[in-house]
Amino acid sequence: MTIARTLLSRLARAVLLLTTVRCRFPLSLPEMARGWQVRLAALRWDIVWRDSLALQVRARVIVMPMPEGAGIGPHWGALLRHRRHRLALCPEDADPALVQAAEQELFRRIAPPWTDRLTGPEQ
């Protein structure tokens with residue numbers, strides 16, 4: 001049983017690393033000095049990995065969605081802080097309103113035709 005778990009853990013880590021890319025944005029996070037790295041994932045893969053906290057801790061990886069456009073904005077920064085907090089790397093969580101706005105933006109990007117119907121004003 002232990003061998004099977006080890007193999008599954010290694011396979012999951014390999015898939016995580018294959019479905020993400022190293023973040024090239026100039027980030028200066030304290031945990032990066034301790035061997036952690038921020039990796040970017042396409043939106044669908046971000047949905048897969050976002051709740052795999054134990055795997056991210058074992059791999060020393062913070063999975064983030066690829067930012068839209070040319071760079072990172074306040075919503076992406078709030079989401080990064082929130083995910084660092086969930087991994088117990090940051091004592092303070094991000095502003096809940098910014099995190100909610102970031103999550104809604106991700107939802108809009110992954111399901112644009114349905115987003116307005118699901119989150120828009122009632123008709």
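What you are looking at is a predicted structure, and each value in this text was computed from that prediction instead of being measured.
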Nearest heavy-atom approach of Ala94 to Ala78 is CB-O, 3.3 Å
Should Leu53 and Leu29 be regarded as members of a common hydrophobic cluster, given that ILVMFWY residues are connected when their side-chain heavy atoms come within less than 4.5 Å of each other, either directly or indirectly? yes
If you round to the nearest 0.5 Å, how far is CD1 of Ile47 from CG of Leu106? 6.5 Å
Check Asp51 with Arg86, please: is the shortest side-chain N to carboxylate O separation under 4.0 Å? yes
Validation: residues 58-66 side-chain donor-acceptor distances under 3.5 Å, sequence neighbours left out:
| unit_1 | atom_1 | unit_2 | atom_2 | d |
| --- | --- | --- | --- | --- |
| Arg58 | NE | Ser9 | OG | 3.4 |
| Arg60 | NE | Arg34 | O | 3.3 |
| Arg60 | NH2 | Arg34 | O | 2.5 |

Side chain to side chain, Arg84 and Pro30, heavy atoms closer than 4.5 Å: yes
Note, Val57 side chain near Trp36 side chain (heavy atom, < 4.5 Å): yes
Point-to-point distance, once rounded to the nearest 0.5 Å, from CG of Leu80 to NE2 of His82: 11.0 Å
Could you tell me whether the side chain of Leu55 reaches within less than 4.5 Å of the side chain of Trp49, counting heavy atoms only? yes
Kindly state each residue pair satisfying salt bridge (charged side-chain N to carboxylate O under 4.0 Å, His left out) with at least one member in residues 87-104, sequence neighbours excluded. Arg50-Glu103, Arg81-Glu92
Can you tell if the side chain of His85 reaches within under 4.5 Å of the side chain of Arg83, non-hydrogen atoms only? no
Cluster link Trp45 to Leu11, ILVMFWY, side chain under 4.5 Å: yes
Say whether, by atom type as modelled, one donor and one acceptor occur between the side chain of Arg39 and the main chain of Leu17 under 3.5 angstrom. yes
Hydrophobic cluster membership, Leu27 vs Leu98, 4.5 Å side-chain cutoff: no
Drop me the distance from Thr19's OG1 to Asp46's CG, to the nearest 0.5 angstrom. 10.0 Å
State plainly whether one hydrophobic cluster holds both Leu89 and Trp76, where clusters connect Ile, Leu, Val, Met, Phe, Trp and Tyr through side-chain heavy atoms under 4.5 angstrom apart. yes
Below 4.5 Å, heavy atoms only, C-beta onward: do Leu40 and Phe25 meet side chain to side chain? yes
